[in-house]
Undergrad: 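Questions regarding the structure given below will be posed in turn.
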Amino acid sequence: MFVEELISRLREMYPGGYFHVNRDPYYMLISTVLSQRTRDEVTIPATRRLFEEFDTPQKMAEASVDEIQSLIMDVGFYRVKAQRIIDISRIILRDYRGVVPDSMNELLKLPGVGRKTANCVLGYAYEQDVIAVDTHVHRISNRLGLVKTSDPDETEKELEKVLPKYAWKEINGLMVLFGQSVCRPVGPKCEECIMGDICPKII
Ligand code: SF4
């Protein structure tokens with residue numbers, strides 16, 4: 001079957017999947033907020049710098065906006081994100097006893113948290129069967145003809161219908177790696193792609 005062949009080729013290409021150094025729910029949540037509209041090469045070191053100074057919701061909630069801004073300045077929308085990180089940390093302390101919630105409904109109540117961020121926390125940190133759809137997953141799923149959608153939320157719904165459940169939580173990691181190196185947003189390397197013979201190349 002096409003979809004199973006596709007997953008098997010991606011797994012073969014990236015046997016370790018997408019390696020997250022830290023799968024702690026709070027770390028995952030804050031790093032995913034920082035990653036919004038920012039490249040991984042910027043997000044990963046910024047998250048590391050931030051957590052070297054403030055590694056718990058308590059410490060983050062007590063930090064000043066200036067302190068946080070100075071650690072994440074190279075991240076897109078860093079001023080907004082600095083305030084959000086403080087707000088999120090305060091809410092987690094006040095409403096969830098310092099523990100990041102493990103349900104979509106509760107995560108969506110946090111400022112700046114949409115379905116993609118919530119699904120990254122649920123999938124990577126809490127190991128739930130969810131599909132985190134970022135720009136890579138949305139673009140590649142459409143190019144491969146798995147879905148025909150115009151936004152990531154719709155892609156998530158459609159992928160749930162076509163992807164076998166065993167692949168839900170790993171597809172994000174596999175497609176992020178694939179999208180960074182081969183099926184790039186601009187200039188996809190179709191001529192050297194392992195999907196070349198089965199991909200309709202809907203670009
Ligand atoms: S053949 Fe081209 S469009 Fe299709 S998955 Fe590969 S790089 Fe992407």
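One-based numbering, in listed order, for ligands and for the atoms of each.
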Undergrad: Is Leu93 close to Gln58 at the side-chain level, that is, under 4.5 Å between some pair of heavy atoms?
TA: yes
Undergrad: Using 30° and 60° as the class boundaries, would you call the ring planes of Tyr14 and Phe178 parallel, tilted or perpendicular?
TA: perpendicular
Undergrad: Report the distance from atom CD of Glu154 to atom OG of Ser141, rounding to the nearest 0.5 Å.
TA: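 The distance works out to 12.0 Å.
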Undergrad: Keeping the roles fixed (side chain from Glu106, backbone from Tyr96), state whether a donor-acceptor pair exists under 3.5 Å.
TA: no
Undergrad: Under 2.8 Å from atom 6 (Fe) of ligand 1, which protein N/O/S atoms are there?
TA: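 Short answer, with waters excluded from the count: Cys193 SG.
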Undergrad: Provide the number and element of each atom of ligand 1 under 4.0 Å from a heavy atom of Phe178.
TA: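 Taking each heavy atom of Phe178 in turn, ligand 1 has 5 (S) under 4.0 Å.
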Undergrad: Keeping to residues at least two apart or across chains, list the ring pair (Phe, Tyr, Trp, His ring centres under 6.0 Å) pairs with something in residues 60-84.
TA: none
Undergrad: Is the distance from the ring center of Tyr124 to that of Tyr27 below 6.0 Å?
TA: no
